[in-house]
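Written out below as structure tokens is the structure these notes cover.
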Protein chains: 2
Amino acid sequence: MDSETHSTRGADPAPGPTVRDHAASGPELPHPDRAGIDLSQVLFALSDPGRRAMVRQLQDGPLEAAACTPAGTDLPKATKSHMLKVLREAGVIRNLPNPQRRGRILTLRRDDLEARFPGLIDAVLSADSPSAGG
Amino acid sequence: MDSETHSTRGADPAPGPTVRDHAASGPELPHPDRAGIDLSQVLFALSDPGRRAMVRQLQDGPLEAAACTPAGTDLPKATKSHMLKVLREAGVIRNLPNPQRRGRILTLRRDDLEARFPGLIDAVLSADSPSAGG
DNA sequence: TCCATGGTTCGACAATAGTTGAACCATGGA
DNA sequence: TCCATGGTTCAACTATTGTCGAACCATGGA
């Protein structure tokens with residue numbers, strides 16, 4: 001588990017609420033495992049333009065949470081955190097502590113989504129046209 | 001959000017034989033045109049298992065509304081009508097008067113959806129597994 | 001014309017979701 | 001150790017959705 005800094009591919013953390021010696025910053029938040037990803041929750045999470053905007057920013061790879069913002073909006077942090085929570089609990093993104101510095105790393109769970117609902121995430125993300133307006 | 005109270009009442013107390021164009025049953029409900037179909041609304045409409053169940057029944061072709069019921073549920077008709085409304089207003093289905101008999105005909109707007117959001121509707125419908133449960 | 005059928009809409013309420021200030025928490029650096 | 005940073009959670013509020021009885025409407029048939 002050394003080296004390989006930001007490629008959390010394949011394995012699901014499936015973190016229990018176990019007693020952990022916190023080496024990394026911030027709490028470890030619960031994520032559904034691949035099989036637990038629910039279609040209704042995913043569709044609902046993606047039904048919001050703001051949440052989709054964040055997801056779109058993760059298409060090219062993981063991002064620090066601080067850098068992931070819908071269109072430079074000065075969104076209150078509580079609001080942003082809530083949006084991320086909806087996406088995370090739906091299984092759309094991973095929200096893990098950044099092992100390097102302060103803050104967190106967001107990742108689109110593309111593999112898991114693709115395995116569970118083939119074609120869905122691509123269809124949604126490529127469907128997003130700016131003219132749609134909502 | 002209900003500004004669609006477009007009444008066909010007070011039709012014509014006018015004298016003389018008014019030629020009636022459409023001898024179909026029930027009101028003509030508003031549908032978004034293809035370009036007006038909004039991704040957020042579609043995803044939201046499909047984020048409910050009950051609504052998805054109805055959509056799935058329309059995969060093989062149009063159905064009389066009376067025949068389109070999620071799993072034999074004795075759903076109150078107001079509730080069912082509301083579910084259909086959400087799907088219709090999102091542009092997922094068409095809800096037209098039945099020209100033959102009483103009642104209405106429901107159609108999945110597959111072509112429109114496919115044109116607007118390629119692959120999306122198929123991904124959603126084929127993703128639906130019975131294990132999901134919610 | 002009256003009635004049953006199939007359906008929409010209204011209205012009221014319950015339940016869920018969104019927003020956001022404030023409190024709190026952990027880390028890294030001075 | 002104290003502080004700034006980046007972030008989650010709490011709590012309270014608002015807003016949107018869901019549910020469903022009742023009212024209403026149009027049609028077809030007796």
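The sequence lines fix the lettering, A, B, ..., with proteins before strands; numbering per chain opens at 1.
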Will you find, in the side chains of R88(A) and N95(A), an N or O donor that is under 3.5 Å from an N or O acceptor? no
> For residues R52(B) and S40(A), is any side-chain donor paired with an opposing acceptor at under 3.5 Å?
Replying inline: yes
Atom CD of E28(A) and atom P of dT27(C) are separated, to the nearest Å, by 12 Å
For DNA chain C, the dot-bracket notation using Watson-Crick and G-U wobble pairs below 3.5 Å, [ ] for pseudoknot-type crossings and | for other-strand pairs, is ||||||||||||||||||||||||||||||
In this structure, OG1 of T79(B) is separated from CG of D74(B) (nearest 0.5 Å) by 10.5 Å
Taken to the nearest whole Å, CG/D48(B) to C1'/dT16(C) is 12 Å
Taken to the nearest whole Å, CZ/F44(A) to P/dT16(C) is 12 Å
Between CD1 of I105(A) and P of dT27(C) the distance, given in whole Å, is 16 Å
_Check this for me: does any side-chain nitrogen of one of R94(B) and D112(B) sit under 4.0 Å from a carboxylate oxygen of the other?_
yes
**Message:** Any non-hydrogen side-chain atom of T107(A) less than 4.5 Å from a side-chain atom of L58(A)?
**Reply:** no
Closer than 4.0 angstrom, basic N to acidic O: yes or no for D111(A) and R34(A)?
no
Readout for nucleotides 1-14 of chain D: B = base within 4.0 Å of protein heavy atom, S = sugar-phosphate only, - = neither; 5' to 3' it is ----BSBBB-----
Original post:
Within the distance-only criterion (no hydrogens, no angle test), does the side chain of R51(B) pair as donor or acceptor with the backbone N or O of L46(B) below 3.5 angstrom?
Top reply: no
Test log, rule side-chain contact (heavy atoms from CB on, under 4.5 Å), inputs R110(B) and L125(B): CA-CA 11 Å; R110(B) 183 162 244 152; L125(B) 292 179; 4.0 Å; yes
